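Here's the structure, in structure tokens; my notes come after.
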Amino acid sequence: MSQCTAVILAAGKGTRMKSELPKVMHRMAGQPLIGHVLDKVQKLGIEEVLTIVGHGRELVAEYLAGQSTIIVQEEQLGTGHALMQAVPYLKDESTVLVLSGDQPLLSVETLRLLLDWHRNSGAAATVLSAIMANPFGYGRILKEKDLFKGIIEEKDADPKQKEIKEINTGTYCFQSSVLKAALQKITPQNVQGEYYLTDVFEILLAQGAKIETLCTEDSSEALGINNRVQLAEAEEILYDRIRKHWMMEGVTIVNPSSVFVDAQAVLAKDVILLPFTFIKGKTRIEEGAVIGPGTTIIDSHCGKGCQIENSVVREAIIGERAMVGPFAYLRPGTVLEKGVKIGDFVEIKNSVVGEGSKVPHLSYIGDSRLGKNVNIGAGTITCNYDGQNKYPTIIGDNCFVGSNTNFVAPVKIGAGSVIGAGSTITKDVPPKALAVERSQQKIIENWQKAKDK
Ligand code: UD1
Ligand code: CA
């Protein structure tokens, strides 16, 4: 089988987005549009990927670093002009798969079908088409007696042609040498004054080349993102697909339409997602975990059987069977070991909480290391910041910390120690000690009567 090179067109301004951000860097289900397209290409096993960048090229190139060869289209003179930039990189014998960076919903299966169809038919070019109930804005496929006769852009189409529902998805396969020759011949003679990639077909037809079309069954795959309404529509379709995928893989989702799982998140079987829950970024959730309701997890790892309720978790590692929430906020660098319990109104940042330890209520734990089986009383605060620098608090195994304690960091508490409630601890405490820091309680008997006199 001939080698395949994928070319992703991603240089366009995306004028209709009305944005400073290049169109293909707009996010959908947690990933830039171009990332969705690249993922598909990688899943197809295509080794050589070329991406044409232009508008906002630094951002796009940085995102694609190491994953694609970057080719700059200095001026954006149209899709045909974009593809011309790739010509020096295309080997004569190869198959060229052309994709748009703004078409994130195409499936790997459809692309594989397109490649197979193209190779098996021996066509010079194959166009992926779709039937759209509302084809406005797309190029229309012109046919005579089922034979492909070209593509006409919306802006160049006459009223009769505008009625055609079969549209060009902007995804194609070409024999490399045929494509290269035809690209040399296209001109910008059209309403937009652009080099249309779609004009290649007219040239190929005139040469008597064989051109095939393959129509996708699911027209939503063809959705091109040109504005933010289309972005929102496509994202909704993708979230729906993702939910169905994970449910079929053994995840329970209660009230699915209120649960959002990003494209790069991974869920194990028997995970339960409760309503109003967001699983974002590259989060991974292990077997039997129960997440939600009302929970947001971002770029985190949630261990087997953990439970997280009404909480926000960002860049954290949650151990097996840990219990979190309601109303906890776990910030980057939080590591909860097995069986940890984090309760209501607790914030943790850049801290390790050892196996079986508990921070059940109203605490702030920052830049700390808690050993195993530590109990932190309600209202305990690590004072980690002096206005300039951050300092660590280290608490050994089996410590018991009374309520409303302040640890003024840096400070170290030896294993097995007890801290009296209400203490402000500024000095290290040795193991197995009792540390109390508060003034003695005074009792003044008959205080009320004395006042009344
Ligand atoms: C294009 C097709 C249209 C098809 C539609 C599918 C042409 C002339 N038209 O129209 O038939 O129905 O896609 O979505 O090809 N780009 C560049 N450099 C440029 C111009 C565009 O890299 O100079 C890139 C864009 O970044 C985008 C892709 O090419 O990713 C498509 O460009 P766009 O302007 O969105 O084309 P459409 O008008 O949607
Ligand atoms: Ca488009």
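All figures in this text were calculated on a predicted structure; none of them were measured in a lab. Values reported hereafter were calculated over all heavy atoms of this structure, with side chains retained and with hydrogens, waters and symmetry mates removed. Order of listing sets the numbers, starting from 1, for every ligand and every atom in it.
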Check whether S368 reaches the backbone of I365 with its side chain - one donor and one acceptor, N or O, closer than 3.5 Å. no
Suppose we measure from atom 18 (N) of ligand 1 to each protein heavy atom; which comes out shortest, and what is that distance? Q73 OE1, 2.7 Å
For atom 5 (C) of ligand 1, closest protein heavy-atom neighbour: N168 O, 4.0 Å
S220 backbone acceptor or donor facing D218 side chain under 3.5 Å: yes
For ligand 1, indicate whether the residue T169 contacts it via side chain, backbone, both or neither (heavy-atom separation under 4.0 Å). backbone
Check the pair N226 / K23 against side chain to side chain contact (heavy atoms under 4.5 Å, CB included), numbers first and verdict last. CA-CA 8 Å; N226 296 318; K23 173 165 77 177; 3.1 Å; yes
Side chain, backbone, both or neither: which part of H55 has a heavy atom under 4.0 Å from ligand 1? neither
Out of V24, T79, T171, who is nearest to atom 31 (C) of ligand 1 when you count heavy atoms only? T79
Nearest protein heavy atom to atom 33 (P) of ligand 1, by residue and atom, and its distance? R16 NH2, 4.2 Å
Less than 6.0 angstrom separating the ring centers of F174 and Y172, yes or no? yes
Just heavy atoms, cut-off under 4.0 Å: does A10 contact ligand 1 by side chain, backbone, both, or neither? backbone
For the Ca ion (ligand 2), give me the closest N/O/S atom belonging to D102, just the atom name. OD2
Just checking: S100, one of its N/O/S atoms, less than 3.0 Å away from the Ca ion (ligand 2), yes or no? no
Residue part near ligand 1, for H81, under 4.0 Å between non-hydrogen atoms: neither
Is it the case that ligand 1 has an N or O less than 3.5 angstrom from some N or O of S100? no
Protein heavy atom under 4.0 angstrom of atom 25 (C) of ligand 1, is there one? yes
